[in-house]
Amino acid sequence: MQIQVQGEFVPVALAQLAPGEEIFCEAGLMVYADPSVRYGIRAFTQGGLGQVVRRTMVGGLPFFLHVYQGPGYAAFSRFTPGEVRVLELAAGQTVDIAEHSLLLGSASVQYTTYYVPGTGRIGRMIGFWMDRLSGPGTIVYHGHGNILGFDLKPGEAMDVDHGALLRKDGSVNVRAFNQPLGGGLTGHALSFEALHAEGPGRLELQTVDPSAHRSGGG
Amino acid sequence: MKADTVGAITPAVLVALAPGEKILAAHEIMLHMDGAVKVSRKTMKQLGVSRAHLMGMHARGDAEENYFFAEFEGPGNVTFSRDKGGEVRVVHLAPGQTVRLRSGHLVCFDESVRYFPMVLAHWVVQRGNDQENHYVFADELTGPGTIVFQSYGNILSFTLGPTEAIRTSPESLLLTAPSNGVQVNWLASPGMVAGGNLEPVLDVRGPGAIMVHSGV
């Protein structure tokens with residue numbers, strides 16, 4: 001599979017598929033395609049009924065994945081300003097991508113989900129899902145705004161906003177925490193929730209929070 | 001008219017009008033204008049669009065702005081913006097040359113350009129006992145004259161040969177030549193529940209030019 005990124009600030013990923021070659025993606029991402037490309041739907045049933053209900057009803061992840069099979073081309077976009085990255089995963093290499101950021105993956109990529117628990121405080125984040133992808137294969141993802149990359153050494157840590165987290169290696173550990181704004185009860189009452197990411201591994205951040213973008217821009 | 005693009009991410013269009021020169025623009029997208037520029041209104045009827053056709057378009061849910069256009073007469077400068085990220089294209093149409101531009105993307109056009117609103121594609125979605133009609137509306141523009149339009153996101157241009165076709169999502173089709181055929185198709189999968197997650201797509205068949213855009 002060959003991937004070409006087209007466009008500048010709202011880029012699309014154009015996949016050239018060989019005969020029989022297959023990719024998967026979420027519904028509604030296709031911009032244009034060769035009419036000869038075969039299309040299908042794959043149910044995302046991994047983990048059994050309990051996991052399906054948890055992912056789809058609680059996590060808001062799609063139950064169906066769309067599948068495109070070559071020969072031909074198909075182009076996909078997240079329809080918002082940002083950057084597109086292509087990542088070749090080695091066999092066994094695992095990365096986690098923020099939900100609704102994955103554009104496509106080759107059929108050989110194992111696609112599961114990864115849950116990051118929230119802090120459990122009333123009125124705060126109850127946790128969120130990430131797409132867990134394992135090689136071998138190719139994945140393409142979209143960062144909202146610009147993408148900032150960091151290589152964390154073992155034990156090296158960084159605190160990041162939830163909406164800024166785009167991609168992390170499977171080896172990077174992430175947990176939610178409350179960051180007080182000053183001391184005392186007032187400081188705790190005004191605290192905000194953030195993520196503590198600890199290496200080793202690659203961490204990528206995006207400069208636009210997609211949830212804020214969706215609620216603000218419609 | 002002389003039209004220039006100002007800015008990159010959310011571009012504006014700066015139009016310089018000679019004395020007596022007139023352009024038409026979509027309603028409520030003007031950013032600023034010189035004091036010498038005269039503004040008036042041009043109704044669809046004045047543009048040759050019949051009341052019956054207009055009422056039919058509106059019955060299908062067309063935008064209210066298309067009841068009339070704002071007319072700007074030079075001398076002076078006028079600036080327009082659609083307030084969204086995208087690319088602006090200035091296209092000079094030869095006499096008789098026609099393009100079909102997705103509705104809601106036209107910025108302005110010369111008075112000499114013939115304007116006609118139309119339905120580019122139509123499909124029906126069955127929801128229980130109810131039928132939902134969906135449309136892709138387009139502005140058909142025929143030269144001679146200059147037209148200015150804006151995409152949402154980036155523009156990707158193709159020229160289809162006589163036997164070539166391209167499949168686009170309904171939201172992604174921005175512009176097509178009238179020589180292209182546009183047909184609604186459905187992405188379906190064996191075993192799917194009928195009427196479930198069927199996804200409409202547009203199959204555009206050449207020959208002719210087509211533009212798609214990457215934003216919505």
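Throughout, protein chains are lettered first and strands after them, A, B, ... in sequence-line order, and every chain is numbered starting at 1.
With a 4.5 angstrom heavy-atom cutoff, Tyr68(A) touches chain B only via side-chain atoms. If you measure heavy-atom distances from Tyr152(B) to chain A, you find no contacts under 4.5 Å at all. Looking at Phe76(A), neither its backbone nor its side chain comes within 4.5 Å of chain B, counting heavy atoms on both sides. Interface remark: Val204(B) contributes no atoms to any contact with chain A (heavy atom separation under 4.5 Å).
Annotation: side-chain hydrogen bond (donor to acceptor under 3.5 Å, both in side chains) contacts involving residues 4-14 of chain A, sequence neighbours excluded, comprise Gln6(A)-Tyr32(A).
The two atoms that bring Phe9(A) and Gly85(B) nearest to each other are CE1-C, 3.9 Å, heavy atoms only. Taking both residues in full, the closest heavy atoms of His213(B) and Val31(A) are given as O-CG1, 3.8 Å, listed atom of the first, atom of the second, then distance. Taking each heavy atom of Pro35(A) and Arg167(B) in turn, the nearest pair found is O-NH1, 3.8 Å.
For Gln97(B), the CD atom counts as densely surrounded, since its 6.0 Å shell holds more than 12 non-hydrogen atoms of other residues, nucleotides or ligands. Residue Met55(B) qualifies as open at atom CE: its count of foreign heavy atoms under 6.0 Å is 12 or below.
Of the listed residues (Leu156(B), Val212(B), Ile155(B), Asp203(B)), the one with the most heavy-atom contacts under 4.5 Å to chain A is Leu156(B).
Contact residues of residues 21-29 of chain A toward chain B are Ala27(A), Gly28(A) (heavy-atom distance under 4.5 Å).
Considering Pro81(A), Ser77(A), Pro11(A) in turn, Ser77(A) is the only one that fulfils the side chain to side chain contact (heavy atoms under 4.5 Å, CB included) rule with Ser214(B).
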